[in-house]
Each structure stands twice: as structure tokens, then as C-alpha cells.
Amino acid sequence: MNIITVKQLCKTYHMKGYDNEVLKNLDLNMEDGEFVAIMGPSGSGKSTLLYSVSGMDTIDSGSVEFNGREISSLKKNELSKVRLNEMGFIFQQMYMLKKLCVFDNIVLPAYQAGKDRNSVNARASELMDRLGISDIALREVSEVSGGQLQRACICRALINEPKVIFADEPTGALNSRSTNEVMQELRKINRDGTGIMMVTHSVKVAAQCDRVIYLVDGTIHGDVHLEKLENENDLPMRDRWLNQWLMDQGW
Ligand SMILES: Nc1ncnc2c1ncn2[C@@H]1O[C@H](COP(=O)(O)OP(=O)(O)O)[C@@H](O)[C@H]1O
Ligand SMILES: [Mg+2]
């Protein structure tokens with residue numbers, strides 16, 4: 001089953017004096033539970049694609065179906081509900097409220113969704129435990145490392161048990177050790193059934209996904225399915241293979 005179906009998606013930014021046509025008649029399907037990497041040169045429209053598909057931004061024409069509903073036909077409050085309950089978001093810049101401690105940031109989307117606070121708190125504790133950050137629960141956002149903060153963002157993205165996590169360069173600001181840790185976690189989350197659509201510049205990161213989409217000038221230039229990654233030892237070979245594939249795409 002497709003969790004996301006994009007048909008003939010067009011998105012233009014209207015600038016002073018000219019129009020910047022960013023996404024051009026883009027077609028894309030994502031299956032339930034898939035782990036998709038979006039790659040492509042800077043400015044090719046990767047972030048715009050993520051924002052369009054997740055309803056963060058409006059589209060000019062075409063359609064985006066998410067979990068059986070046409071996103072652009074939803075009323076504002078219906079869309080907010082879908083975004084809150086069925087989507088999770090992780091960004092390179094880790095947006096957290098500085099006035100709240102890490103734990104309160106994580107539970108906020110679930111409180112907003114009106115969920116039972118006791119079970120939300122229990123789930124947050126369990127998630128923090130799984131991601132190895134229980135000890136920073138009560139710290140201020142400014143007091144924790146980038147890697148810890150990114151793991152806290154993952155907890156927050158998962159708090160409402162979304163169908164899909166949208167991640168825009170989630171490891172872009174991390175060192176290689178934190179990148180590996182975050183990727184291990186994302187893969188676990190994905191194995192447990194959550195779909196992930198992730199923009200990345202890193203071949204090593206993309207090689208750990210099920211599928212890589214290569215965007216050029218707002219259209220899909222290449223789209224390749226990788227085998228399920230069962231064994232860490234396969235990673236260097238996948239890296240090399242993906243490097244070659246990307247070079248063939250003009251990377
Ligand atoms: N909010 C915006 N307003 C106007 N132009 C934008 C906006 N966001 C992105 N763009 C332009 O759209 C194009 C694609 O941007 P983006 O989707 O961020 O690319 P990528 O994520 O692949 O680097 C770029 O030319 C960028 O300058
Ligand atoms: Mg971007």
C-alpha cells in the first residue's frame with residue numbers, strides 16, 4: 001500500500017520579477033514503512049519536496065495523497081491534525097523551545113494532541129531510554145550536545161506514533177559518531193514500521209536506506225531500490241555501489 005502518492009506536483013516560488021519553478025510535474029510513490037533517501041544538488045528542490053508532501057507548504061498544482069487523504073483538500077485544522085498525529089518532523093537545525101526542558105519539549109506534541117498525560121509521559125520515558133538520553137530529561141535545551149539534542153528531536157517526532165517521519169538533513173550538523181548513532185536509531189524505528197522520508201547529502205547515510213531518489217532541477221532523475229540492509233558488513237559495498245550510481249546520475 002502507498003502511504004504517499006504524489007502526482008504531477010508543481011511548485012513555483014513567485015519572486016520579484018521572475019518565477020522560480022522548483023518542482024516540475026513530479027510523480028512519486030512511497031510505500032508504507034519504506035525508508036527513502038532524497039538526494040540531489042543544492043537547490044534541486046529536496047526541501048521543497050519534503051515541505052510540499054508534508055503539507056508544510058502549499059502546492060500550485062498536482063496532488064499529494066497522504067495515508068489515503070488528499071492533503072490540499074483538507075481544511076487548515078484538519079491538516080494540522082494529520083500533521084500532528086500522523087507525521088513526525090526532524091530537521092538539521094534542531095528546533096526546540098528553549099524555555100522548556102528536554103522532556104517537556106518531547107511530550108509537547110502529544111499534550112497538544114490531547115492525549116492522556118500519564119501514558120504520554122510513560123511513552124516519552126521509554127523513548128528516551130531507547131535512545132539513550134534518559135539522563136538529560138530535565139536539562140535545558142542549551143545544556144546538551146548536538147547528538148543528544150538530535151536524539152531528543154527523534155523522540156519528539158515519535159511521540160505521537162506517526163506513520164511517516166520527514167527528516168531534512170537530520171545528520172547534517174552532526175559528527176560521524178553521532179551520525180552513526182542517529183542512523184542506527186532511525187533504522188530501528190523504521191524496522192518497527194515507521195516510514196521515513198529523509199533528505200541527505202551523505203552517501204553513507206543514504207546507503208542505509210531502502211531506496212534512493214535523486215532529484216535534479218525539480219524532477220526525479222534517478223530512483224533506485226536497495227536491498228534491505230541486514231548486515232552492517234554490507235555497508236562499505238553499498239557505499240561504493242551507491243557512489244557509482246550517483247556518479248552515473250551526474251552527482
Ligand atoms: N521560501 C522560499 N521562497 C523562495 N524561494 C525559495 C524558498 N525556498 C526555497 N526556494 C528556492 O527554491 C529552490 C529549491 O530550494 P530547496 O528546496 O531548498 O532545495 P534543496 O533543499 O534541494 O537545496 C532554490 O532555488 C531556492 O532558492
Ligand atoms: Mg534543503
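Below, each value reflects all heavy atoms present in this structure, side chains not excepted, and no hydrogens, waters or symmetry copies. Atoms within each ligand, like the ligands themselves, are counted from 1 in listed order.
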*Asks:* Tell me the protein heavy atom at minimum distance from atom 18 (O) of ligand 1, and give that distance in Å.
*Replies:* Ser47 CB, 3.7 Å
*Asks:* So, Ser47 and the Mg ion (ligand 2): N/O/S under 2.8 Å, yes or no?
*Replies:* yes
*Asks:* Can you tell me the protein heavy atom closest to atom 25 (O) of ligand 1 and the distance?
*Replies:* Asn20 ND2, 3.1 Å
*Asks:* I need the nearest protein heavy-atom contact for atom 23 (O) of ligand 1: residue, atom name and distance, please.
*Replies:* Gly43 N, 2.8 Å
*Asks:* Are any of the side-chain nitrogens in Lys188 or Glu185 under 4.0 Å away from the carboxylate oxygens of its partner?
*Replies:* yes
*Asks:* Among Arg238, Gln184, Arg187, Glu232, whose side-chain hydrogen bond (donor to acceptor under 3.5 Å, both in side chains) with Gln208 holds?
*Replies:* Arg187
*Asks:* Does Lys115 have more than 12 heavy atoms from other residues, nucleotides or ligands lying within 6.0 Å of its NZ?
*Replies:* yes
*Asks:* Write out the residue and atom name of the closest protein heavy atom to atom 17 (O) of ligand 1, then the distance separating them to 0.1 Å.
*Replies:* Thr48 OG1, 2.6 Å
*Asks:* Can Asp60 and Lys24 be counted as an ion pair, charged N to O under 4.0 angstrom?
*Replies:* no
*Asks:* Can Gly45 be said to touch ligand 1, with heavy atoms closer than 4.0 Å?
*Replies:* yes
*Asks:* For Val22 and ligand 1, does the shortest N/O to N/O distance drop below 3.5 Å?
*Replies:* no
*Asks:* Could you tell me whether Lys98 and Glu140 have a side-chain N and a carboxylate O separated by less than 4.0 Å?
*Replies:* no
*Asks:* With heavy atoms of Ser44 as the reference, note each atom of ligand 1 found under 4.0 Å away.
*Replies:* 19 (O), 22 (O)
*Asks:* Should Pro41 be listed as contacting ligand 1, given a heavy-atom distance under 4.0 Å as the test?
*Replies:* yes
*Asks:* Decide, yes or no, whether a salt bridge links Arg69 with Glu65 under the criterion of side-chain N to carboxylate O below 4.0 Å.
*Replies:* no
*Asks:* How many angstroms lie between atom CZ of Arg240 and atom CE of Met237, to the nearest 0.5 angstrom?
*Replies:* 8.0 Å
*Asks:* Run the numbers for me: atoms of ligand 1, each under 4.0 Å from some heavy atom of Ser42, listed by number.
*Replies:* 23 (O)
*Asks:* At what distance is the nearest protein heavy atom to atom 10 (N) of ligand 1, and which residue and atom is it?
*Replies:* Tyr13 CE1, 3.4 Å
*Asks:* Answer yes when Arg211 and Glu227 have at least one side-chain N-carboxylate O distance shorter than 4.0 Å, and no when they do not.
*Replies:* no
